[in-house]
Amino acid sequence: MKIPGAVIGDIVGSKYEFHNHRSKEFKFIDADNFFTDDSVMTVAVAHVLTEYGESDDAELTEATVRLMCEYGRRFPHAGWGSMFSYWLNVRPVPYGSYGNGAAMRISPVGWYARSEEEVRRLSRIITCVSHNHPEGIKGAECTAMAVFDARMGKSKEEILERVSEYYPGISCLSCDELRKHYDFDVTCQGSLPPAMVCFSEGVSFEDTVRNVISIGGDSDTLAAIAGAVADVYYGIPESVMAEAVKLLPADFVTVLDRFFEKVI
Ligand SMILES: [Mg+2]
């Protein structure tokens, strides 16, 4: 059994999205944590790649829209933004979004792809079904590429060097500063840099996610993004995955098992 860092980050951050905590002291996963939209879409993308990862562009696009809608409509109260909710339920066509939803769902691409070129292609196709703004495409690709780089055994410095090609201002940020001044921001360009700084300063998967909660903002989504990278870089303790699995629908676990059987 493997529960990915994006899902665990989402679960840990769930109760802090609208009640920011801004401290690293808290129980990591408790009975009142829950999964949200970030987990639902991450599992949907894992499902898409398991069945359609080798399909051509048109078939992959069609399957992405269909499965994201199927998964999303099952959980109407998972925390969707209003625009994405309209996309899910009324009209699933690209709407120029640069919301951080592009990045929170994309980490399975970093696990699945066998080359940088494939990271870019899969990330672009899966993102452009909804978040076809240049910042949405960039945020998703940066996240997927960081996961891919970690999988390829790159050092933290190398991973962050590539992140800074996408977001050059990242070297000026620190968790201490973010803790004082960072505000709720649901854009990709306002979410990727702080999430990656939390990974940069973290010393383990759990420490990375604690950094994220401590800076406030859109906690579950930032933790999904940073957690995805920290997962591959550090691994996640079995005990943490065992706590998370209790909070997930059984079929999510089955879908994730099938996905990781294929990619690990
Ligand atoms: Mg959420």
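In listed order, ligands and their atoms are each counted from 1. Position 1 is the first residue of the sequence, and the numbers go up from there.
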Mind checking the NZ-CD1 spacing from K246 to I29? Nearest 0.5 Å is all I need. 9.5 Å
Looking at D37, the N/O/S atom that lies nearest to the Mg ion (ligand 1) is called OD1
Under 2.8 Å from the Mg ion (ligand 1), is there an N/O/S atom belonging to D220? yes
Does D38 bring an N, O or S atom to within less than 2.8 Å of the Mg ion (ligand 1)? yes
Report all side-chain donor-acceptor pairs from residues 170-178 shorter than 3.5 Å, counting only partners two or more places apart or in another chain.
from : atom 1 : to   : atom 2 : distance (Å)
S174 : OG     : E177 : N      : 3.2
D176 : OD1    : R179 : NH1    : 2.8
E177 : OE1    : H181 : NE2    : 3.4
E177 : OE2    : K180 : NZ     : 3.4

Here's a test for you: under ring pair (Phe, Tyr, Trp, His ring centres under 6.0 Å), which of F34, F184, F28, F26 qualifies with Y16? F26
Does the shortest distance from the Mg ion (ligand 1) to an N/O/S atom of T221 fall below 2.8 Å? no
With distance as the sole criterion, is a donor-acceptor pair present between the side chains of Y233 and R151 under 3.5 Å? no
